Number of protein chains: 2
Amino acid sequence: MTDDITSRDQGRKASRRGSGRPTIADVAKLAGVAAITVSRALRYPSQVSAELRAEIDTAVAQLGYAPDPNARALASARADVIGVLVPSLTNIVFADTLRGIYDGLGDGPLQIQMGNTHYSPREEERLIRMFLSQRPSALIVSGIDQTEATRQLLESADCPIVQIMEYGDDPVDMLVGFSHFDGGKVATSHLIEAGYRRIGFIGARMDPRSQRRLAGYRSALEAAQLFDPKLVTTTLTPSRVSLGGQLLADALAKVADLDAVFCNNDDLAMGVLFECQRAGIAVPHRMAICGFNDLDMMRVAYPSLTSVRTPRYEIGRHSVQMVLDRLAGRPIASPIVDLGFELQVRESTML
Amino acid sequence: MTDDITSRDQGRKASRRGSGRPTIADVAKLAGVAAITVSRALRYPSQVSAELRAEIDTAVAQLGYAPDPNARALASARADVIGVLVPSLTNIVFADTLRGIYDGLGDGPLQIQMGNTHYSPREEERLIRMFLSQRPSALIVSGIDQTEATRQLLESADCPIVQIMEYGDDPVDMLVGFSHFDGGKVATSHLIEAGYRRIGFIGARMDPRSQRRLAGYRSALEAAQLFDPKLVTTTLTPSRVSLGGQLLADALAKVADLDAVFCNNDDLAMGVLFECQRAGIAVPHRMAICGFNDLDMMRVAYPSLTSVRTPRYEIGRHSVQMVLDRLAGRPIASPIVDLGFELQVRESTML
DNA sequence: GGCTCGTATGATAGCGCTATCATAACGGAA
DNA sequence: TTCCGTTATGATAGCGCTATCATACGAGCC
């Protein structure tokens, strides 16, 4: 047992030749055709006659042949890989989007190579450089706040590029997302209309998208002449449910008559709710709570929590569809797609 | 602008030659050495004299050279890629583990290729076949319930393999995880000791790991002669917070005097808590709640929720470390690692 | 019947890198 | 001095596949 395991080393063959697995040449020989014909039969079946195709399929099955993607990538100067860059893996938002991307790809030949930028533009640049070096079929990157150098890298890349999660009018190539500014503005306007007057903003991480939601919040409050810098409570710490309660306490310490909070995301909103329960602050009567993203739990919380539903999964699906269309040479309806959002009004903001 | 975009096609060069990017030969020429020396300087710097190394580094920097991973993989019969298979992307459990894997890899040359099996052994088999065809440096797979065919594929693969998330004594190669059976048993024993007598099990998805937790639950109850099949309420539906409340209602309909629930995961536990709040069921006096995984929110919920803390992130870190050790030829302390779990007792089970 | 044209297949030559073997240079032991 | 072993570098030959050009062949046309 242990011997068995230790013998499993890096696996470099002693001899150079023959990886052990069948190659396209083996298939060709067995089928009695040239290697290039096998290649064509596998990639463009319509270019090969039915008889040869049958022979080749038989040979492939018999040998259990599977093409080597590395050799293919080298010869065709194009890897069947889509690079995907997300700023975080623990953030459910990106997990949903990733799921959409995987679902959109289905059983196709394209594989995902994922990179985690940790919300760092420099790390993003490093990863893009690395991804580009293998000539991916496409790149999907999060947000529109790339560094100047990154943007140039992307501009000169010879593959489709999709920027996701945000809305903007100047994408590198294509873009799918929604306006975080508008999301923040609509949520805040709703709180104003519901009759709340001392509406706080609670935010963690404060990445560019959070900043835009904050800007939307501020814009709505300023329009109603209700803005006050003291109402804003943020931290650079990554968001967690447990942070919501702390930030609410901080906010209340600054603004005793706070009567509503717009939370940068649902985790914080949930934390705020628990803190209110613990402190005996009645929701929504003494405190309204609004989240962002509309995770499943918002609907079932007690009281149920208002939130802004965002099209996370759809963004993933749509971005892949654009990539596939482009790769297949199909026309793209529009390179810039706004998938919008939807305010879900629930008990937590019904005064 | 639009022209700019539509001109960005698949990017196949009209001419075959020259991808445009510098190759190792360009660097070699500029540095006045042979290509193989450049290769060595980059991969095994100690094998090249300091002078040549300096020349080569300069040339690399000047040309902005980056090795082509595809060519490298083809020539060395080994791709700098680790295949990672997870059953779900939305499940925070795997997101945490993935984060551990990425963190463990750091800035190294190894890249992750991820596959989502959707809890399907057949899909897992397909993906493993696909991954293996590119000769990955290693494979990390979730669980120990592979099909027979998959297991054989893995046994004969010539790269390190780590099975993660579970504990077992017969891994394909290496294994890092913990015992879900024991987790379920410890949680249930705690409820018994706390004085609860009609302890239900609430489970969604019911994948193999959920099944083992259920088995642990049953084992504890049977030992105390408290087991009753009616106490178990499960569904194959994927887990969601909103499902917790539904399942609790189902459970109460079957067992009116239910006084505790062990939930298969924290999402369900949270849903159960909300349902109790809504229905006016006092926690923990009329109903105890215990979750599994111990997500951050369990600690701050009101009342705080008991849960079994699982080493998700650590499993990711550890599995990568084993892979790196093996690839570097370092000895592995033990191919089977039990990272354990820890019951976190909180208000929701303190009668 | 000779010609062009389109379709099906094949031969050749790499893609960019590294495994392998060969060679050169040098120091120390006999 | 001669021989051997060691270290640093290079030449060569692929890895497995596909782009490109070449060829064969039949259909259709004047």
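Proteins come first, then strands; the chains are lettered A, B, ... in the order of their sequence lines, and each starts at number 1. It should be emphasised that the depicted structure is a prediction, and the values quoted were computed from it without experimental measurement. These values consider heavy atoms only, across backbone and side chains, with no hydrogens, waters or symmetry-generated copies.
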message: On DNA chain D, compare the nucleotides closest to A:Arg72 and B:Ser49; which residue's is nearer the 5' end?
response: B:Ser49
query: Near B:Arg122 CZ, under 6.0 Å, is it more than 12 heavy atoms from other residues, nucleotides or ligands?
result: no
- prompt: Can a donor-acceptor pair be found between the side chains of A:Gln163 and A:Gln146 at a distance below 3.5 Å?
  reply: yes
- request: Compute whether any side-chain donor of one residue and acceptor of the other, for B:Thr147 and B:Glu125, lie under 3.5 angstrom apart.
  value: yes
message: Near DNA chain C, counting only heavy atoms under 4.0 Å, which residues of residues 54-70 of chain B show up?
response: B:Tyr65, B:Pro67, B:Asp68
task: May I have the distance from A:Arg78 (atom CZ) to D:dA19 (atom C1'), rounded to whole angstrom?
output: 14 Å
query: Once you round it to whole Å, what is the distance between P of C:dG10 and CD1 of A:Ile24?
result: 12 Å
query: With distance as the sole test, does B:Arg53 use its side chain to make a donor-acceptor pair with the main-chain N or O of B:Pro45 at under 3.5 Å?
result: yes
field: Ion pair A:Glu123/A:Arg126, N-O distance below 4.0 Å
entry: yes
- prompt: In terms of side-chain geometry, is the basic nitrogen of A:Asp96 or A:Arg99 positioned less than 4.0 Å from the acidic oxygen of its partner?
  reply: yes
- request: With the side chain of B:Arg135 defined as its heavy atoms from C-beta on, choose the nearest nucleotide among C:dC17, C:dT20, D:dG16.
  value: D:dG16
message: Base, sugar-phosphate or nothing for A:Ala34? Non-hydrogen atoms, less than 4.0 Å.
response: sugar-phosphate
